[in-house]
Number of protein chains: 2
Amino acid sequence: MSETDTPVSAVQAPEPKGRIVLSIDAMGGDRGPATVVAGMARSARKNPDINFILHGPRAELEKLVGKRRYLADRVEIRDASDVVTMDDKPSQVVRHGKQTSMWSALDAVRAGDASVCVSCGNTGALMALSMMRLRKLPGVNRPAIAVLWPSRNPQGFNVMLDVGADIRADESDLLQYALMGSSYARNGLHLPRPRVGLLNVGTEEHKGRTELKAAHEMIQTASEAANFEFVGFVEGGDIPGDRCDVIVTDGFTGNVALKTGEGTASLIGDLLKEAFKFTPLSRIAAVLALTSMRRLKKRIDPRRVNGGVFLGLNGPVVKSHGSADATGVSAAIKLAYQLALSGFQDKIAARVASAVSLAQDAAERETGTE
Amino acid sequence: MSETDTPVSAVQAPEPKGRIVLSIDAMGGDRGPATVVAGMARSARKNPDINFILHGPRAELEKLVGKRRYLADRVEIRDASDVVTMDDKPSQVVRHGKQTSMWSALDAVRAGDASVCVSCGNTGALMALSMMRLRKLPGVNRPAIAVLWPSRNPQGFNVMLDVGADIRADESDLLQYALMGSSYARNGLHLPRPRVGLLNVGTEEHKGRTELKAAHEMIQTASEAANFEFVGFVEGGDIPGDRCDVIVTDGFTGNVALKTGEGTASLIGDLLKEAFKFTPLSRIAAVLALTSMRRLKKRIDPRRVNGGVFLGLNGPVVKSHGSADATGVSAAIKLAYQLALSGFQDKIAARVASAVSLAQDAAERETGTE
């Protein structure tokens, strides 16, 4: 397992010379470590330059990894006896979670042994532990979870944040989300000048909550220096739409929207299956349409865009769905791999830092002229 | 037009002996009065016992109605020279809107000439005017807008409220929404004991905002007397799901969820069309699957569940989508017709009143024992 010792500094550069090392929490997902290892094997087959550090009970993990040909000599196992369950309170995990696989997985990124951490575990606990072990980026008050959302835009996806890191967000937090989200869109979706929208219940400026009006002004002011276009208020229908590339909102609203969208897509998928079974003719149609349907399914399958990214920390963390199957875990690993490849962490840190100093400059100038 | 003079008291009874009279705002929708009249004509053809009072510029409306065979002798036109536009602020409309078709449409319900009002106009203005002209039901602090949402439940739909009457809701408002929403589900969806869920970001009771924890307790306490089952916290994915029949949330979150769901459904519909065009085989499949697809489309078409209902006022108001076409307007009219037929207004008033007195009793009992 000597290959996992590749220096991590090289990995985080935009064009890595060595191998990409990802830190994987084997435990805490609804389907257990076998599914996580199956997802790792898929990713390992597709990307020969990924290595893994895998965290959990050593004996169990060695057995699972030993069965996978593509994982041979590419996995370092770090023993962790304890597991964070879906019912554990974040505050308890922060206090008593030192023996958990989640803690161990984050510490591998903290120590620089791996560039990105991936976990299917309890979101609240993962965020609390991430904040404690990785610390917030200077200038960031509330980290956020960003997801990719299937959309009508040419790039196929929009970025939405926060989808549940924190149930509150004031105007300064929303500004940070705009900065971090546009940085993510620039690096992850290759959009040179992303369009940012602020989620509200109406597009007229007089509608909505007080903090949204304040955030509207602050984001507008910051947009030029931070190199994004601010399209103003957007509505729920614009999340899968083409009016903007980045949707900014608080974690309560974002989480409800995310799960509503997923639930709606899944309901329609099931109704579609039923529709195809309804008559003999439609059953024939189903066979003929198979490849087209598969293409569509791939496009909107939530498992294939699986992976929220925690933004605003000293190190990226990819949160996979708790219920992710091997396909879902593999999608989360792919996202982590791409983030490591693009040198995203250094870029977002620079972006937030420069925006903070620009905002300070602007505040000083404004005070000066008044 | 003498038939519109049918006494309204008879119309509001569960089994009407006379005709149902609906008050229709012809103006304010994105597609103008011709679309509204086209929708009325569809409904009139299907339901021979509907009459209309139509509000707007008399000359224009007489021309439009004159062209529709099914509307002959079934429409009373009330002249209103002014129109509430989508950009008008609610406060301005309340102060200066006396000549508008929206005001006139509500006043027909207020006067008892019609049993339900239908409008495609500006939601904020319609709610503000409704509160002013119809007044809130005793015991209701914030009225709510409830919608029917396609779901996995046997009845095919769930009720969600509030989807945008007010961007705030405290715990008492959320309790009222639970009472009003379960009453709507009982009468509109024929569920004797509806299951009510409170929308949150997690199903564990320690998550979420303070007012949600308080509301959880209050709704639990009220559930038995008010004859509904409280399933506790639910998430966005449960809105189209089968865990509950009524989803209770504040108007900001509900509005974002509604529009996210609609946007997602519409995106998938368009991707489906594309998928069917992709290959010659899939084009053949599309022809074979036509009737199955039509059935599915009918099930999830937002136009066919068009119509939010304003709950908590002295008279039901059905708000149609601003962009509704004739099919959408006809769906809103159908909903208004069903509400009038079921005597819903009297039932919800009784339900809210009895819950208020029960809550008062309980509060007195609790104070007594402490």
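Each chain gets a letter, A, B and so on, in the order the sequences are listed, and its residues count up from 1. Just so it is clear, the structure is predicted and the values come from calculations on it, not from any experiment.
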Only pairs of heavy atoms separated by less than 4.5 Å count here; which of A/G263, A/G251, A/G261, A/G236 has the most with chain B?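 Ranked by heavy-atom pairs under 4.5 Å with chain B, first place is A/G236.
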Are the side chains of B/T260 and A/W149 in contact, using a 4.5 Å heavy-atom criterion?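 Of all side-chain heavy-atom pairs linking B/T260 with A/W149, at least one is under 4.5 Å.
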Close side-chain approach of A/V256 to B/V256, heavy-atom, < 4.5 Å: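 When only atoms from C-beta onward are counted, B/V256 and A/V256 do not touch, as no gap falls below 4.5 Å.
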Residue part contacting chain A, namely of B/I239, when any heavy atom lies under 4.5 Å: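 Looking at B/I239, just its side chain touches chain A.
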Please determine whether side-chain contact (heavy atoms from CB on, under 4.5 Å) holds for the pair A/F252 and B/L212, giving the CA-CA distance in whole Å, both sets of side-chain angles, and the decisive distance to 0.1 Å. CA-CA 12 Å; A/F252 185 93; B/L212 290 179; 3.6 Å; yes
Is it true that A/R209 and B/D250 have a side-chain N and a carboxylate O under 4.0 angstrom from each other?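 A salt bridge links A/R209 with B/D250.
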Does B/D270 pair with A/R152 as a salt bridge, N-O distance under 4.0 Å?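 Here B/D270 pairs with A/R152 in a salt bridge, since their nearest N and O are under 4.0 Å apart.
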Over 12 foreign heavy atoms within 6.0 Å of CD, A/E217: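 No, the 6.0 Å shell around CD holds no more than 12 heavy atoms from other groups.
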Shortest non-hydrogen contact from A/P240 to B/T264?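 The pair with the smallest heavy-atom distance is CG-N, 3.8 Å.
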Under the side-chain contact (heavy atoms from CB on, under 4.5 Å) criterion, do A/E235 and B/N255 qualify, and how do the steps go? CA-CA 9 Å; A/E235 295 192 84; B/N255 188 273; 4.2 Å; yes
A/T210 side, atom OG1; B/I167 side, atom CD1 - distance, nearest 0.5 Å: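 Result: 7.0 Å between the selected atoms.
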